[in-house]
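First the proteins, then the strands, lettered A, B, ... as listed; each starts at 1.
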Number of protein chains: 2
Amino acid sequence: MTIAAIQKLFREKRLKVTPQRCAIYNMMIHTQSHPTAEEIISHVKQALPMISLNTVYYTLNVFETAGLIMSINNTHTRYDTNLEPHHHLICVSCRKIEDVFDDALNQLHLSQKSDFEIRGYRVEFYGHCLNCQKPGTSIRRNKRLAITHL
Amino acid sequence: MTIAAIQKLFREKRLKVTPQRCAIYNMMIHTQSHPTAEEIISHVKQALPMISLNTVYYTLNVFETAGLIMSINNTHTRYDTNLEPHHHLICVSCRKIEDVFDDALNQLHLSQKSDFEIRGYRVEFYGHCLNCQKPGTSIRRNKRLAITHL
DNA sequence: GCAGTAAATAGTAATTATTACTAAATTGAG
DNA sequence: CTCAATTTAGTAATAATTACTATTTACTGC
Ligand SMILES: [Mn+2]
Ligand SMILES: [Mn+2]
Ligand SMILES: [Zn+2]
Ligand SMILES: [Zn+2]
């Protein structure tokens, strides 16, 4: 993907085209490593030494909102005593977690061989819980907003 | 599950039986809410007002190591530009993330109806990457240890 | 039951990922 | 080019988690 193609993509998504955004996205599409914000800034700083970590987080948030990237792992650790095979429904708005018991999901396996020595797996379904489907409650303005319904 | 049964369970797992541990585990098995450490301490403080948050984290770590609980979401946020349907192999030792492309995993659905308005899902396989299968590298002594191989 | 020992606890400090705030710079529209 | 809105960098604040340490507690033989 060329820089010109990245710029075109940003314009299609109604995102302003800035050197910081191009550098971040360009770095991200040229790695398989699922980088953290810190890893991103350390690469991008080679081209843009003045870039701030704040801008990286802001930009990643913009990208995710625009549907250009997805984030993996992004909230408080939660704990579960139920070790029976089961999976979770996670509300992307309020972070509520509900259990899913579904035998079909407990029989998954990889068709390809891999280097990993696999111990187990989880399926996480993302969506909006009943509460957060009501208008007005579905957008978390403050990322640190407490969850009000468990 | 009675307190006596909890004590028996701890002894089977070679864990010392303490009031703090009993209170924490007892609270956890009597909720469906996948509590955070903060939620746990706020409940447990009613019975044990002097308990510290440090003890809660320490105890949760002990429980997880002993295989009594599992934690959900527990590292730095990572970002992925690849929005094609795919899933991940996550190394529980070094947190490396590898992609899994497997069509069979992209056709999952819930058999039961639920209140959630589901937007998507991910399958996360947990295990040890090739690097961390070597003896001596498989245990993260320091939780904040940097990942050395991406 | 008691002494000795290793582990657990509470309290506090430190760390660090992420978010908030703000003034200055930049972008895209007209 | 002009102008308004957005973005950026810098810095401060926040908050989840971990580190450190002195004291207390729980288990193991005796
Ligand atoms: Mn669960
Ligand atoms: Mn991926
Ligand atoms: Zn919700
Ligand atoms: Zn690994």
What does the list of N/O pairs under 3.5 Å between the protein and nucleotides 23-27 of chain C look like, with a distance for each?
from: C/dT27; atom 1: O2; to: A/K16; atom 2: NZ; distance (Å): 3.2

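- Per the geometry, OH belonging to B/Y57 stands 16 Å off C1' belonging to C/dT12, to the nearest Å.
- Note on ring orientation: taking the six-membered ring where Trp is involved, the planes of A/F63 and A/F10 are tilted (angle from 30° to 60°).
- When each of C/dG11, C/dT9, C/dA17 is scored by its nearest atom to the side-chain atoms of B/M50, the top-ranked nucleotide is C/dG11.
- Here B/T59 reaches the OP1 or OP2 of C/dT9: one of its side-chain N or O atoms lies under 4.0 Å away.
- Looking at which nucleotide of DNA chain D each of B/E38 and B/L15 is closest to, the 5′-most match is held by B/E38.
- Among D/dT8, C/dA10, D/dT11, the nucleotide with an atom closest to any side-chain atom of B/I51 is C/dA10.
- Atoms NE2 and OG1, from B/H43 and B/T31 in turn, are 6.5 Å apart once rounded to the nearest 0.5 Å.
- When rounded to the nearest whole Å, the span between CZ of A/F10 and P of C/dG28 equals 11 Å.
- In terms of phosphate contacts, A/T55 brings no side-chain nitrogen or oxygen within less than 4.0 Å of OP1 or OP2 of D/dT7.
- Regarding B/Y79, its OH atom lies at a distance of 12 Å from the P atom of C/dA17, rounded to whole Å.
- Nucleic acid contact class of B/L53 (heavy atoms, under 4.0 Å, all strands): base.
- In this structure, the nucleotide among C/dT9, C/dG28, D/dA9 sitting nearest to the side chain of A/R11 is C/dG28.
- The interatomic distance linking A/I40 (CD1) with D/dT8 (P) rounds to 14 Å, in whole Å.
- For B/Y58 and D/dT18, the shortest distance from a side-chain N or O to OP1 or OP2 is not below 4.0 Å.
- For the pair A/L60 CG and C/dT18 C1', the computed distance is 12 Å after rounding to whole Å.
- No donor-acceptor contact under 3.5 angstrom links the side chains of A/Q20 and A/T55, judged on distance only.
- Rounded to an integer number of Å, the gap from B/E64 CD to D/dT17 P is 12 Å.
- One side chain, A/D99 or A/H88, offers a donor N or O that lies under 3.5 Å from an acceptor on the other.
- Note on ring orientation: taking the six-membered ring where Trp is involved, the planes of A/H34 and B/H86 are tilted (angle from 30° to 60°).
- Rounded to an integer number of Å, the gap from CG of B/N54 to C1' of D/dA15 is 15 Å.
- For B/K45, the side chain to side chain donor-acceptor pair (under 3.5 Å) test picks out no residue, with sequence neighbours left out.
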Stepwise, does the side chain to side chain contact (heavy atoms under 4.5 Å, CB included) test hold for B/I97 with B/L89?
-> CA-CA 6 Å; B/I97 299 180; B/L89 288 160; over 6 Å; no

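- Between the NZ atom of A/K45 and the C1' atom of D/dG10 there is a distance of 11 Å, rounded to whole Å.
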